[in-house]
Every structure is written in C-alpha cells, then in structure tokens.
Amino acid sequence: MSKSTIITPLPNHAHASVATYVSGFVISVALTVGAFALVMAYDASDGEILNQRVLVVTVTLFAVAQLAVQSLFFLHLSGKRSLRPTVYSTMFTVATLLTIVIGSIWIMNNLNYNMGHDEGSVQYIQDKENIDSSHAKNH
Amino acid sequence: MNKDIATTTPHELEESIQSSKTSLGFWLYLMTDLMLFGSLFAAYLVLKPGTAGGPGPKEIFDLPYVFGETMLLLLSSFACGLALLSAYAKKKRATIFWLVVTGVLGLAFLAMEIHEFSALLHEGYSWTRSGFLSGYFGLVGTHGLHITIGLLWLVSSVVYLLHKPMTPRFLQRLTLFAMFWHFLDIVWICIFTIVYLFGVAL
C-alpha cells in the first residue's frame, strides 16, 4: 500500500463505517454550534466581548475545518491511488475558485473606489437627488 | 462489479463503486457545480454593499432560524450516509428507512427556506429591490433548487427500491446521490458562514 500513497495531506484511510459518519456528524455539529454561538454572543454584546477581526478569523477556521471533516468523513476523499484523479480535480477546482472569488472582490472594490462609488459619494448623490434613504439611515 | 452482488462484501462493493469511472465522472460534474456556486458567491460578495437604500443583511437575517435550517440539512446528510451504509450491507428495509429520513429532513429544510423567502417577498424585499438582494436570492435560491432536484432524485430511488431488488447498478446510483447530497451540505456550510454569520457579524 505504501506505493499507492500520494503526496497529499489526506489519510490513506479505512472504509466507511457508522463510526466515520457519527464522528463526522458530531464534529460538524460542534463546529456549527461554536461558530453560531460566537456570532450570537458578538451580536448581543454589540461587539464588546470580541474583537471583530478575531471573530472573523475564528469563524472562517471553523468553516474550513468543517469542510475538511465532511470531505473526509462523508465524501471519503482519501490518498488512495484509485482516488487520485478525484483529489487532483478537486485541488484544481478549489484553486480556480479562490482566484475567481478573491479576484472579483479585489477588482470590483478597486473599481468602486476609482469610480467614486464609495459610501460618501453615494450619500452625496442621495442627498442631492432627494432619494429616500430612510432604510439606510436606520442601521 | 463483475462479481455477483450476493457474494461481495460491503467493503468490496464500496471499493469498486468509489473508484469506478462513473463515480469520477459524477465528481467532475460536482466540481463544475462548485464553480457555478463559486461564481454566485463572488457575485453576492461584490453586490453586497449595494443595498440601494433598502435593507442590509443585519435587518433581514434571523440567525437562530437559519441555524435550525443548518441543523436539519446536516442531519439529513448524516442520514443519507447511513442509508448508503445499509445499502452496501444489502439491508433493503434499513436503506429505505434512512432514505425516507433523509428526504423528510431535506423537505423540512426546503420548507423553512421557502418560508424565509416568502416572508422577505411579503415585506417587499424581492430580488428586484437591490443588488444585495439579487445576489442573495441568486445564491441561496440556486442552492434551494439543487435541494429540490435532489429530493426528486431521492423519491425516485425510494420508489425504485419498493418495487425492484438492489442491484450493483442501483448501488452505484445511490452512491452518486449520496455524493450529491453531501456536496450540497458542504455548499450550505459556506452559505451559512459567508452569507448569514458574516452578514450579521460584519
């Protein structure tokens, strides 16, 4: 079996069993409840108990951990030789995806800024044109 | 898959189905679907600041409600795994039972989502209201559409099982359904975190 392992961090793991599904489920519940409780506590205290940056990093890590747990325990991705095309196509897709999402946000924000469509100028236009912005002012 | 189903062990079945070309082909489809969701995520994040004087994420999201949806979908994904295990063990009745559990939980999730959407529409916050709402309905609605299609697939599998024996071909198809269902739960984790949790926290 050592020949069949490839260079991925994935385990060359055992078969699906009730135990793998139960552990995947329990860890997923714990991570979901954790992320939810953190955001609820943050929101209830108006951001006083937690630094916003710490909150975002923690919740992101919880989500990434859960994606990994479900891929391993529910979808049974592993380092097995027969799953090589599966793992490689997944890595390629994730890389493309990150490029699309991060690239879009970066470029569009930059464009917004350069075109003057930031909050200040939107407010200016609304005041000038007498557009009802009561909803926006409420929050 | 050449061996008779009666003499294969669950592990052998799992092994041969998991590494079949059919499974790889379906996985590649799931990856293209992931690209679709990725593009919708990018569109949502770009459109999010564009509330056009309408409501923002904080005003319209009810986190405890969405947390309930998340738990239902997670339980459904878990039940689907148990259905697949029962199928590999050639336990037909247990397979049907867990598939029905999967379906009921999935339907409950969908009902909650439809209720959430109709409440927003009632308040006049449809996808035409602002860029943010267009992105939101586009992303979450596409996921809901996938769940609907998955439920139809599930119903057809249960009806099939009620009338016909479990063949290797059926096990292969059920494996693809399980992949699809787990995949949708994985996409939902991203929606729950990026749209709902960050919508309220940021």
Side-chain angles (χ1 to χ4, degrees), chain A residues 15-18 20-22 24-25 28-29 31-33 35-36 38-40 42-43 47 52 55-56 59-60 62-63 66-67 70-71 73-76 80-83 85-86 89-90 92-94 96-98 100-105 108-109 112 119 126 131-136 138-139, chain B residues 10-11 14-15 18-20 23-24 27-28 30-32 34-35 37-39 41-43 45-47 49-56 58-59 63-64 66-67 70-71 74-75 77-82 84-85 88 178-179 181-183 185-186 189-190 192-194 196-198 200-202:
Chain A
H15 290 277
S17 65
V18 176
T20 59
Y21 281 110
V22 169
F25 176 71
S28 292
V29 169
L31 289 168
T32 307
V33 170
F36 170 69
L38 276 177
V39 174
M40 287 302 279
Y42 174 83
D43 197 42
Q52 193 187 48
L55 177 80
V56 169
V59 171
T60 306
F62 275 31
Q66 200 177 160
L67 295 181
Q70 295 207 8
S71 303
F73 293 169
F74 287 176
L75 285 169
H76 315 299
K80 272 196 294 213
R81 187 187 191 95
S82 60
L83 287 184
T86 308
S89 62
T90 310
F92 172 72
T93 310
V94 170
T96 313
L97 213 59
L98 288 176
I100 291 174
V101 176
I102 295 170
S104 300
I105 296 168
M108 293 310 288
N109 280 342
N112 259 351
E119 268 177 35
Q126 283 177 342
I131 295 169
D132 176 30
S133 57
S134 51
H135 283 300
N138 278 343
H139 73 91
Chain B
H11 289 342
E14 188 203 340
E15 188 82 39
Q18 196 187 28
S19 50
S20 74
S23 295
L24 174 62
W27 184 266
L28 292 181
L30 288 182
M31 290 301 103
T32 60
L34 193 56
M35 297 280 218
F37 279 113
S39 311
F41 268 110
L45 289 169
V46 166
L47 291 170
T51 50
K58 271 185 203 177
E59 285 96 73
L63 268 195
V66 182
F67 176 74
T70 307
M71 281 298 134
L74 185 57
L75 271 168
S77 194
F78 176 61
C80 179
L82 296 184
L84 193 64
L85 279 184
Y88 285 153
M179 284 159 72
W181 206 246
H182 294 319
F183 168 77
D185 193 36
I186 286 181
I189 297 168
C190 299
F192 181 61
T193 305
I194 294 172
Y196 292 102
L197 290 181
F198 287 169
V200 171
L202 294 176

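Within every chain, numbering begins at 1; the chains are lettered A, B, ... in the order of the sequence lines, protein sequences first and strands thereafter. The shown structure was predicted, so the numbers you read here are calculated from the model rather than taken from an experiment.
With Gln70(A) contributing its side chain and Ser77(B) its backbone, the two residues share no donor-acceptor pair below 3.5 Å.
Between Gln66(A) and Ser28(A), the shortest heavy-atom contact is OE1-CB, 3.5 Å. When all heavy atoms are compared, the tightest approach of Tyr42(A) to Ala201(B) is CE2-O, 3.3 Å.
Contacts with chain B were tallied for Thr96(A), Thr86(A), Val101(A); Thr86(A) has the most, counting heavy-atom pairs under 4.5 Å. Contacts with chain B were tallied for Leu98(A), Leu55(A), Thr60(A), Leu75(A); Leu75(A) has the most, counting heavy-atom pairs under 4.5 Å. Counting heavy-atom pairs closer than 4.5 Å to chain A, the top-ranked of the candidates Ile189(B), Leu24(B), Leu75(B), Ile194(B) is Ile189(B). In terms of heavy-atom pairs under 4.5 angstrom with chain A, the leader among Pro49(B), Ala42(B), Gly81(B), Pro64(B) is Gly81(B). Note on Val18(A), Asp43(A), Ile100(A), Val56(A): by heavy-atom pairs under 4.5 Å with chain B, the leading option is Val56(A). Contact count against chain A (heavy-atom pairs under 4.5 Å) is highest for Val46(B) among Thr193(B), Leu45(B), Val46(B), Thr32(B).
Contacts between Leu74(B) and chain A at a heavy-atom distance below 4.5 Å involve backbone atoms as well as side-chain atoms. If you measure heavy-atom distances from Leu28(B) to chain A, the contacts under 4.5 Å come from the side chain alone.
Ring pair Phe192(B)/Phe67(B) is tilted by interplanar angle, where 30° to 60° counts as tilted.
Outside the 6.0 Å centre-distance limit, the rings of Phe78(B) and Tyr21(A) are not counted as a close aromatic pair.
The side-chain heavy atoms of Phe62(A) and Phe36(A), taken from C-beta on, include no pair separated by under 4.5 Å.
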